[in-house]
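Let me begin by presenting the structure, written as structure tokens, before commenting on it.
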Amino acid sequence: MAMALFAANLDEQVTADELRALFAEHGEILSLEISVLQRTGEPVALVEMASEKQATRAMHALNGVVLLGMQHTVSDLVPAPDKDMTPRP
């Protein structure tokens with residue numbers, strides 16, 4: 001069963017391709033979307049992995065990894081999408 005992950009504390013310049021390459025090392029990515037929190041302007045990513053096992057492996061491997069100078073966090077606690085998240089162009 002697919003499982004979604006939430007990645008935060010991302011650099012403003014990070015691209016979907018860079019994140020896709022990082023997460024793909026740990027399994028199949030079904031979807032990946034970078035959004036911006038309207039209140040803070042912080043970029044965050046929602047990543048859907050093909051299985052819970054792959055998502056758990058990615059979460060443990062990537063949580064705390066430094067990418068473009070930012071130590072990002074990865075969790076399985078996906079916040080409910082609301083008006084605070086705007087897809088980044």
Side-chain angles (χ1 to χ4, degrees):
M1 175 187 277
M3 181 175 169
L5 297 173
F6 179 72
N9 200 38
L10 302 174
D11 184 272
E12 292 178 1
Q13 301 302 315
V14 71
T15 66
D17 287 340
E18 290 169 323
L19 289 177
R20 193 170 280 109
L22 216 79
F23 280 86
E25 293 178 17
H26 305 285
E28 179 185 357
I29 298 168
L30 300 179
S31 66
L32 186 147
E33 180 180 326
I34 298 176
S35 297
V36 176
L37 297 176
Q38 289 181 351
R39 280 182 301 205
T40 64
E42 175 188 3
V44 296
L46 301 175
V47 183
E48 185 180 14
M49 303 293 289
S51 73
E52 185 176 341
K53 183 177 180 178
Q54 292 173 10
T56 300
R57 185 171 50 231
M59 183 175 53
H60 290 296
L62 299 176
N63 188 44
V65 166
V66 175
L67 178 65
L68 299 176
M70 300 289 289
Q71 183 177 16
H72 64 269
T73 60
V74 179
S75 71
D76 63 346
L77 301 175
V78 179
D82 60 20
K83 295 179 184 174
D84 190 41
M85 291 180 64
T86 304
R88 189 171 79 177

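Computed from a prediction, not measured in an experiment: that's the story for all the values here.
- Between N63 and T73, the shortest heavy-atom contact is OD1-CA, 3.1 Å.
- Of all the heavy atoms in I34 and V14, the pair that sits closest is CD1-O, 3.9 Å.
- For Q54, the side-chain hydrogen bond (donor to acceptor under 3.5 Å, both in side chains) test picks out no residue, with sequence neighbours left out.
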Problem - Derivation of the side-chain contact (heavy atoms from CB on, under 4.5 Å) call for M49 and I29 - result: CA-CA 5 Å; M49 303 293 289; I29 298 168; 3.9 Å; yes

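- Taken together through direct or relayed side-chain contacts under 4.5 Å among Ile, Leu, Val, Met, Phe, Trp and Tyr, L30 and L46 form parts of separate hydrophobic clusters.
- A distance-only check finds no donor-acceptor pair linking the side chain of H26 to the backbone of A55 [under 3.5 Å].
- E42 is linked by a side-chain hydrogen bond (donor to acceptor under 3.5 Å, both in side chains) to nothing, counting only residues two or more places apart in sequence or in another chain.
- Using a 4.5 Å cut-off between side-chain heavy atoms of Ile, Leu, Val, Met, Phe, Trp and Tyr, with links allowed through other members, L62 and L67 fall into the same hydrophobic cluster.
- Residues satisfying the salt bridge (charged side-chain N to carboxylate O under 4.0 Å, His left out) criterion with R57, sequence neighbours excluded, are absent altogether.
- For the pair V74 and H72, the tightest heavy-atom approach, listed with the atom from each and the gap, is CG2-CD2, 3.6 Å.
- Side-chain N/O atoms of E33 and S31 include no donor and acceptor closer than 3.5 Å.
- Side-chain contact between L68 and E18 is present, with at least one heavy-atom pair separated by less than 4.5 Å.
- Nearest heavy-atom pair, A2 versus E48, reported as atom, atom and distance to 0.1 Å: CB-OE2, 3.4 Å.
- Side-chain contact check for L19 versus L32: some heavy-atom pair is nearer than 4.5 Å.
- To the nearest 0.5 angstrom, T56 atom OG1 is 7.5 Å from L5 atom CG.
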Exercise for the section: Test side-chain contact (heavy atoms from CB on, under 4.5 Å) on M3 and E52 and set out the steps. Expected result: CA-CA 5 Å; M3 181 175 169; E52 185 176 341; 3.4 Å; yes

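- A continuous path of hydrophobic side-chain contacts links V65 to V47 [ILVMFWY only; heavy atoms under 4.5 Å].
- Rounding to the nearest 0.5 Å places CZ of F23 at 15.0 Å from CD of E28.
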